Amino acid sequence: MIRACLFDLDGVIVDTARYHYIAWKALAYELGFEFTEKDNERLKGVSRMASLDILLEIGGVKLSSEKKEELADRKNQNYRTFILKMKPDELLPGAEDFLKELKSHNILVGMGSGSKNAMTIVERLKLEPLFDVIIDGTQVTHAKPNPEVFLKGAEALHVEPAACVVFEDAAAGVEAALKGGMKCVGIGSPEVLGKAHMVVAGLSEMNYEKLMQLK
Ligand code: BG6
Ligand code: MG
């Protein structure tokens, strides 16, 4: 029985994964090394500070924690210049239709994002009415691949983890869903998200009938 769907935000509902990438790439450039799209896969779904640690490891750079705080903050300021310009029509193709279809079948809809900027995006794109519950990076102690964000979402919806399906574009997010005892649909490439129960290129490929195949 599937009673709820929990959606990651960045890279699933909105195309912000590319803004995170642009901002990290700019920081790497400043520090004097290349940061490729393949490298970026390791950062998807990962918290801000853990992302910076991975980036610095790739560049072979060691810094004090004070300097790291400063760089993470600078990346975030840069990232925010992008999201503050987002328009209500920047939802990824198929996202709004699928969420509405779920509601019409009485499936509960939640958001489970590790981002502390999630509410800025929710406000700018007026996403609140599409969700029954929103859990973001300000409400969790443990970042993905820890399942906390999804378990909190399930709890707030009063649904057992086993009756939840998570939609994720990041390997760390797929791992979080599985650790939480939930089903998972990967959004992106099977190469990266192979552990998910199903992988599709985007939410435009999803519908209620396909969801029910996961039962
Ligand atoms: C996730 C993104 O949703 O949020 C990561 O996939 C990002 O790339 C993480 O690092 C934390 O985001 P923020 O906005 O709190 O820096
Ligand atoms: Mg994501």
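Counting convention: from 1, in listed order, for ligands and their atoms alike. The structure presented is a predicted model; accordingly, all values stated were derived computationally and were not measured. We're numbering straight along the sequence, starting at 1.
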> F7 vs F167 aromatic rings, parallel, tilted or perpendicular, using cut-offs 30° and 60°?
Replying inline: parallel
>> Would you say CD of E128 has more than 12 non-hydrogen atoms from neighbouring residues, nucleotides or ligands within 6.0 angstrom?
In response: no
> Between S189 and V199, which heavy-atom pair has the shortest distance, and what is it?
Replying inline: C-CG1, 4.0 Å
>> Quick test of your reading: applying salt bridge (charged side-chain N to carboxylate O under 4.0 Å, His left out), list the pairs with at least one residue in residues 97-124, sequence neighbours left out, ordered by first then second residue.
In response: E96-K100, K103-D132
>> With a 4.0 Å cut-off on N to O distance, would you call E90 and K87 a salt bridge?
In response: no
> Exactly which residues line ligand 1, taking a heavy atom under 4.0 Å from it as the test?
Replying inline: D10, H20, L43, K44, G45, V46, S47, R48, S51, G114, S115, K116, N117
>> Tell me which pairs pass ring-ring contact (aromatic ring centres under 6.0 Å, His included) where either residue lies in residues 47-97, with sequence neighbours left out.
In response: Y19-F82, H20-Y79
> Any ion pair linking E155 and K152 (charged N to carboxylate O, less than 4.0 Å)?
Replying inline: no
> Mind counting the protein N, O or S atoms sitting less than 2.8 Å from the Mg ion (ligand 2)?
Replying inline: 3
> So how far is it from L63 CG to L31 CG, rounded to the nearest 0.5 Å?
Replying inline: 6.5 Å
>> Side chains of N40 and E37: any donor to acceptor distance under 3.5 Å?
In response: no
